[in-house]
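Some notes on the structure that comes next.
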Amino acid sequence: MDLRPEQLLHARRGDRAALAALVRHYRHRVMAVCVALAGPDGEDCAQDALVKVLRAVHKFDPARPPSLDAWVMAITRRVCIDRARAARVTRHADLDVDRLATVGDGPVPTRARDAAVRRAVLALPDEQRAVVALRMWGELAYDEIAELERVPIGTVRSRLARAREALRSALSALDPHAAPRTTPTADAATSNDHLSTGGTR
Amino acid sequence: MTLPPLDDDALDQLVRDARPVASDDFEARVFAAAGAGSRRRAVASAAAVLVLAAAAVVAIVVRRSPEPTPHAAGRSPEAAASPAVGPTVSGLAEGSAASRPPPATVTWDDPGRLLAQALAPDRATLEACFKTHASRTVKVRVYMPPDGAPASAFPGPRASVLGHRPLTDEEACVDRILSRTAPPALPSSIRAVAVELVLAPDAPPAPSPWSSEMAYADERGPAMRVWSDPARYVAGLLASSFTPKPSRPPSTALRCLASRGAAEPRLGPPHDDQDITVVVRGRKLHYVASSQPRVFDHCLEVMVAMCRALPLPPGSLEFELRFSVVPGGAGGSREPRGNRDHSVNPF
């Protein structure tokens with residue numbers, strides 16, 4: 001469901017229904033980015049991020065950059081990174097990716113495949129994972145990601161390319177009928193406690 | 001069976017399809033959190049808050065008077081004359097005021113009784129606030145700032161944020177009376193206190209406060225002892241060592257305040273211009289950073305958040321405490337370490 005301009009206007013004025021529409025519009029994206037950036041604290045981070053969005057939306061100026069998408073994702077990213085830093089010992093292996101719902105929530109083979117894909121994403125190095133999450137789950141444009149990450153747009157593209165290679169490699173042997181934890185990517189998920197420590201394994 | 005080689009578009013689609021989504025009740029929880037947060041801010045803007053419900057007051061009384069003497073359960077004459085208004089546990093028990101020795105001067109050791117005394121002249125007006133529901137028991141959480149008038153914790157009329165409603169006529173009436181009440185000033189180490197008043201004109205008399213105290217002492221002995229002096233206990237927690245991470249040596253929250261190579265500082269009673277503030281909520285501790293960030297703010301935020309306290313006394317929601325920092329070496333010896341060492345007394 002798209003957020004209509006008049007809904008944003010009403011949301012900025014504090015209209016409850018419009019604010020609810022704003023939350024509904026962004027909840028899945030924010031949740032996905034938070035899971036990628038904050039691991040087990042993802043749901044809490046998503047909640048905190050949207051609370052901050054609700055409290056600050058009256059200050060958002062749609063006539064000036066960044067876009068609303070980028071603005072929401074900037075808040076989300078900041079909240080998640082702060083949380084991950086504060087937690088110090090974030091272990092994404094603690095996150096039960098198999099239990100996370102997805103958009104389709106289809107049959108068992110599909111769910112297993114989705115879980116394997118999520119594990120592969122979470123196993124990416126920090127920089128690549130952030131770009132993948134913001135691009136594919138947060139639905140931001142390259143230039144918006146570059147602005148958020150404070151890197152040139154070419155760097156965003158190269159990180160995304162490297163992430164695709166890593167994902168392709170991790171998913172190439174994926175057996176959609178196998179149990180998720182027996183897939184090759186499970187090893188990556190259990191050894192990815194570098195995610196909050198800046199490792200580039 | 002393996003997946004066929006993926007081109008970029010197919011791979012992107014695969015990742016998009018695997019996007020985690022929020023649960024069904026996520027939206028409701030966001031709005032609940034937004035409402036709760038704004039309520040907290042509304043209260044904090046009025047005064048920094050120590051929420052101490054009646055059981056905490058009982059704990060203080062017990063600490064001061066370990067023997068269960070009749071005087072320990074003493075009440076002010078005003079309160080004894082009318083049991084309709086009083087704090088829930090520490091409060092104003094039934095019994096003959098004439099059979100008790102004259103009550104000593106009430107201090108902030110018993111905030112409930114202090115408030116009851118301060119409200120005594122307006123008791124009839126307070127009861128009148130609820131005349132239309134005379135048989136109803138109304139609990140009012142009253143916050144008393146370090147100076148100035150108390151305030152109720154009804155949903156704030158000042159808040160225009162999500163989840164708030166304006167005051168009802170009854171609540172506005174109570175709020176009006178509280179705003180013209182003037183209890184004495186708080187001790188410096190406690191930023192604010194909140195107690196629960198029960199307005200119950202037709203309710204049966206409250207149980208004897210001393211029996212409540214004993215029951216509490218039996219059930220929650222260790223917690224009662226530590227929370228009888230919140231400032232001392234929290235200062236001890238911050239000086240206690242813990243291991244923030246398996247790969248790191250034990251440290252203390254107070255190390256954040258030490259200069260490189262200097263001895264660990266201590267916490268003391270607050271001064272005007274160099275205090276730090278810590279909130280205890282549930283079992284968690286939160287450092288309240290100053291409006292102008294200092295070099296140790298982030299470190300303290302992280303380290304204080306790793307501390308865990310014993311459960312608050314029953315009914316208590318928050319303590320907000322402030323301390324001054326005594327530079328390392330000024331006091332001579334270092335504080336003993338260990339999370340279980342609650343005997344540390346930095347004051």
Side-chain angles (χ1 to χ4, degrees), chain A residues 14 16 19-20 23-24 27-36 42-43 46-55 85-89 97 100-106 110 113-118 120-121 132-133 135-137 139 160-161 163-164 167-168 171-178, chain B residues 1-41 159-165 242-248 251 284 286-287 289 297-306:
Chain A
R16 170 87 187 214
L19 290 169
V23 170
R24 275 195 297 275
R27 59 182 175 169
H28 296 321
R29 275 193 258 178
V30 168
M31 169 68 83
V33 171
C34 285
V35 166
E43 190 159 3
Q47 181 177 308
D48 291 352
L50 282 173
V51 168
K52 283 181 186 291
V53 167
L54 290 179
R55 287 179 184 155
R85 282 178 182 157
R88 301 275 186 181
V89 196
V97 293
L100 290 172
T102 52
V103 178
D105 237 4
T110 306
R113 185 198 64 193
D114 290 342
V117 172
R118 283 195 294 267
V121 170
V132 167
R135 172 69 181 165
M136 300 185 191
W137 290 349
E139 301 175 18
L160 198 56
R164 283 192 181 115
L167 290 174
R168 197 172 280 119
L171 299 175
S172 61
L174 177 66
D175 179 355
H177 298 290
Chain B
M1 173 181 161
T2 59
L3 292 178
L6 297 166
D7 60 18
D8 284 357
D9 289 341
L11 182 64
D12 289 359
Q13 191 57 47
L14 200 60
V15 174
R16 286 194 186 96
D17 288 346
R19 183 181 77 179
V21 299
S23 54
D24 292 339
D25 63 343
F26 180 72
E27 182 184 332
R29 284 190 284 123
V30 168
F31 281 97
S38 54
R39 278 194 292 277
R40 283 197 298 273
R41 284 202 309 280
S160 60
V161 193
L162 298 168
H164 280 281
R165 60 173 175 79
F242 62 95
T243 306
K245 193 173 175 180
S247 59
R248 293 189 177 182
S251 184
K284 295 182 179 177
H286 307 269
Y287 169 67
D297 274 351
H298 184 66
C299 174
L300 264 186
E301 274 179 354
V302 172
M303 296 292 278
V304 170
M306 292 179 177

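Residue numbering restarts at 1 for every chain, and letters A, B, ... go by the order of the sequence lines. Here the structure is a predicted model, which means the values were calculated and not measured.
- Residues forming a side chain to side chain contact (heavy atoms under 4.5 Å, CB included) with A46(A) (at least two apart in sequence, or on another chain): V30(A), M31(A), C34(A), F26(B).
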>> Working note: R164(A) + D12(B), criterion side chain to side chain contact (heavy atoms under 4.5 Å, CB included); need CA distance, chi angles, decisive distance, verdict.
In response: CA-CA 8 Å; R164(A) 283 192 181 115; D12(B) 289 359; 2.7 Å; yes
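- Between A32(A) and P20(B) the shortest heavy-atom distance is CB-O, 3.6 Å.
- Checked by atom type and distance alone, the side chain of W137(A) never pairs as donor or acceptor with a backbone atom of A18(B) at under 3.5 Å.
- Neither the backbone nor the side chain of A49(A) comes within contact range of chain B; no heavy atom of the residue lies under 4.5 Å from a heavy atom of that chain.
- In terms of non-hydrogen atom pairs under 4.5 Å with chain B, the most contact-rich of L160(A), D48(A), V23(A) is V23(A).
- Contact detail for F31(B) and L54(A): the closest heavy-atom pair is CE2-CD1, 4.0 Å.
- Here the rule is side chain to side chain contact (heavy atoms under 4.5 Å, CB included) with M136(A), and of L14(B), D17(B), L11(B), V15(B) only V15(B) fits it.
- Looking at V132(A), only its side chain comes within 4.5 Å of chain B, counting heavy atoms on both sides.
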>> Would R168(A) and D8(B) count as a side chain to side chain contact (heavy atoms under 4.5 Å, CB included) here? Give the steps.
In response: CA-CA 9 Å; R168(A) 197 172 280 119; D8(B) 284 357; 2.5 Å; yes
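- Atom CD of E27(B) and atom CZ of R24(A) lie 4.5 Å apart (nearest 0.5 Å).
- The most heavy-atom pairs under 4.5 Å with chain B, out of E139(A), R135(A), E43(A), come from E43(A).
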